[in-house]
Amino acid sequence: MGGRTLKVIQELSLPLIAGVVAALVWANVDPHGYHALIHEPIAGGVSLHFLVNDIFMALFFGIAAGEITESCLPGGALNPPRRAVNPLLGTVGGVLGPIAVFFAWMAITGDHSLRNGWGIPTATDIAIAWLVARVAFGARHPAVSYLLLLAVADDGIGLAIIAVFYPDPHHPVQPIYLLIVAAAMGAAYALRRRKVASFWPYVLGPGVVSWWGLHLTGVHPALALVPIVPMLPTSGIDLGLFEDAEDAMPDPLNRFTHTFKLPVDLGLFAFGLANAGVELSSVGNATAAVAIALAVGKTCGVFSFAILAHRLGFPLPTGIDLRTLVLAGMTAGLGLTVALFVAGVAFTDPHLQGAAKMGALLSVVVAPVVITLARVLRIERWTDARAPDADGGDPAYASGDEHRDVASL
C-alpha cells in the first residue's frame, strides 16, 4: 500500500468509519456473537474492549496531548496567545453550550437518569471535523485552522473532564495513588533533563508507571500518557498534526506523534468496532439528548462566544464571516470518537449507554449538512492555490479594522 493511499485513508478517517459500520451491522445481525467477541476474556484474561479502551486509547490521547503541547510552541495555533483568544473563547462556548442544552433537555423531559451523561457532547472529533472543514471551505480557508485549534483545545478540556468527572466505575477513586503518577512525571522530567533523545524510554518507563498509577487511583488509565507526553523534548516550533512524517523535525515529541499517528488512525477500526456496536432498539431519550446537545449546543456555543470575543477586541480571522462561523460551530458538533469513549464510561446501564452512543453516532449527520449549506450559502472556498499575504504572514489572522469581516457587529 503506497504512502499516498495511506495518507488518504488517514485523512478520510476510513478505519474509524469502517469499524463503526461493522459494529453497527454485527450488533444488529448477531448481537450475541458481537458482545462475546468484545467483552469475553481473550488472551491474558482481558477482553478486546479492555485492550482497546484502556491500552490502545492511551496512545490516542497521548497524540492529542502532544498536539496540544505543540500548539503552544512558536508557530502553533495557541502561540502567540492573542491569536488564540477568539477560538479559545469559542472553545469555552463549545463546551458550555452542549452542557447547557443537555441539562435543558433533561429538565424538559424530566429524565434525571441522564444526569451523568453531560460530558458526552463536550468534545469534538479532531480528524473528522478537519476533514469536513476542508471539504466545505477549501484546504486553505482560515476556518480550517480556526476549527482545528478549537478542536484541539476542546479535546484538552475533554481530557480534563474525563479525568475529573468520569473515574473508573469499577474502582473507587483512591487519590493517594496519584503519587505514583507524580513520580512518573518526575521520572519523565529527569529523562528530559538528561536530554534523552528517544521517546521510547518515556513511553515504556514513566508512561507505563503512569498507567498503573491511574489504574490504582480509579481514574481512567487511557489518560496515562497525557501527563507524560508534554515532558518530551521539542524542537521549539510546531510542525502541525497533519504535516508529512518525512518533514518532521528529529525531536522526541514530533517523532512520537508521527510514529504513532498512522498505527492509531488504522487502529481506530478496532475502537469503532469495540464501541459502536449499538442495537437500533437502543434509541431512547439519551440519544436525543446527546445528538441535540452536539448539534445545537456546539453551534450556538461556539458562535456566541466567538462573537463575544470579537466584541471584546479579539477579532475573528480574515475570511470568517457570520455564515462561516455558524458552519464552523456546526462542524464542531462532530463528536464521534471522544463522545463514544465518554459514553462508555458515563453510563453503566447498557440501555442508557447504547442510547447515548447512538446519539454520538448520529452526530455524523452534521457533515453532509455543513457541506451542503456551504454550497447553498455560497461560502467562498480557499484552495491550495490561494496565496498568503504578500508579506508572508498568515492571512487568516491579519490585524486591523480593514481586515475584519464582521466589523459591523
Side-chain angles (χ1 to χ4, degrees), residues 13 16 52-54 56-72 77-78 84 87-103 116-130 147-169 214 219-230 241 264 268 271-272 275-276 289-291 293-295 297-299 301-302 305 328-329 331-347 353 356-357 359-361 363-364 366:
S13 298
L16 174 61
V52 171
N53 281 35
D54 288 47
F56 167 76
M57 287 302 286
L59 293 173
F60 176 88
F61 288 122
I63 289 176
E67 179 62 13
I68 294 169
T69 302
E70 285 191 309
S71 294
C72 295
L78 299 179
L88 285 181
L89 277 180
T91 299
V92 173
V95 172
L96 297 180
I99 293 174
V101 171
F102 186 91
F103 279 114
N116 204 42
W118 61 268
I120 299 172
T122 57
T124 298
D125 189 302
I126 296 176
I128 294 181
W130 177 78
L147 193 57
L148 183 58
L149 190 164
L150 187 150
V152 168
D154 194 283
D155 277 10
I157 296 174
L159 294 178
I161 289 175
I162 294 171
V164 175
F165 297 101
Y166 294 106
D168 189 336
L214 291 179
V219 176
H220 208 292
L223 301 176
L225 292 178
V226 172
I228 304 301
V229 167
L241 182 62
V264 166
L268 284 176
F271 174 81
N275 290 275
V290 172
L294 280 167
K298 282 286 186 183
T299 304
V302 171
F305 274 66
T331 307
L334 288 160
L336 206 58
T337 311
V338 180
L340 281 173
F341 184 87
V342 178
V345 298
F347 296 119
Q353 187 182 105
K357 286 185 175 183
L361 292 173
S363 69
V364 299
V366 167

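- Atom OG1 in T69 sits 12.5 Å away from atom CD1 in I63 (nearest 0.5 Å).
- Judged as a side chain to side chain contact (heavy atoms under 4.5 Å, CB included), and not counting sequence neighbours, the contacts of F305 are V92, L96.
- Considering CG of N116 and CZ of F165, their distance stands at 10.5 Å, rounded to 0.5 Å.
- What you find for G335 and S363 is that their closest heavy atoms are N-OG, 3.4 Å.
- Aromatic ring centres of F61 and F341: separated by under 6.0 Å.
- Closest approach of P227 and L223 over heavy atoms only: CD-O, 3.3 Å.
- Atoms OG1 and CG, on T91 and L150 in that order, are 3.5 Å from each other to the nearest 0.5 Å.
- Contact between A129 and L334 at its shortest, heavy atoms only, is CA-CD1, 4.0 Å.
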Task: Working for side chain to side chain contact (heavy atoms under 4.5 Å, CB included), residues V264 and F271 - done: CA-CA 10 Å; V264 166; F271 174 81; over 6 Å; no

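- Between L336 and the choices V366, L361, T124, the side chain to side chain contact (heavy atoms under 4.5 Å, CB included) rule is met once, by L361.
- Distance alone, capped at 3.5 Å, is enough to place a donor-acceptor pair between the D125 side chain and the T337 backbone.
- A heavy-atom distance below 4.5 Å is found between the side chains of I157 and I161.
- Here OG1 of T331 is found 11.5 Å from NZ of K298. Values are rounded to the nearest 0.5 Å.
- Listed here is the closest heavy atom pair of G117 and A346: CA-CB, 4.3 Å.
- The distance from atom CG of L268 to atom CG of N275, rounded to the nearest 0.5 Å, is 10.5 Å.
- The closest side-chain heavy-atom distance from L214 to H220 is not below 4.5 Å.
- Taking 4.5 Å as the limit, every side-chain heavy atom of F102 sits out of range of all side-chain heavy atoms of I120.
- Note that the CZ atom of F103 and the CH2 atom of W118 stand 7.0 Å from one another [nearest 0.5 Å].
- Paired with K357 under the rule side chain to side chain contact (heavy atoms under 4.5 Å, CB included), one option of V290, L340, V342 passes, and it is L340.
- Across every non-hydrogen atom of A332 and V302, the tightest pair is CB-CG2, 4.4 Å.
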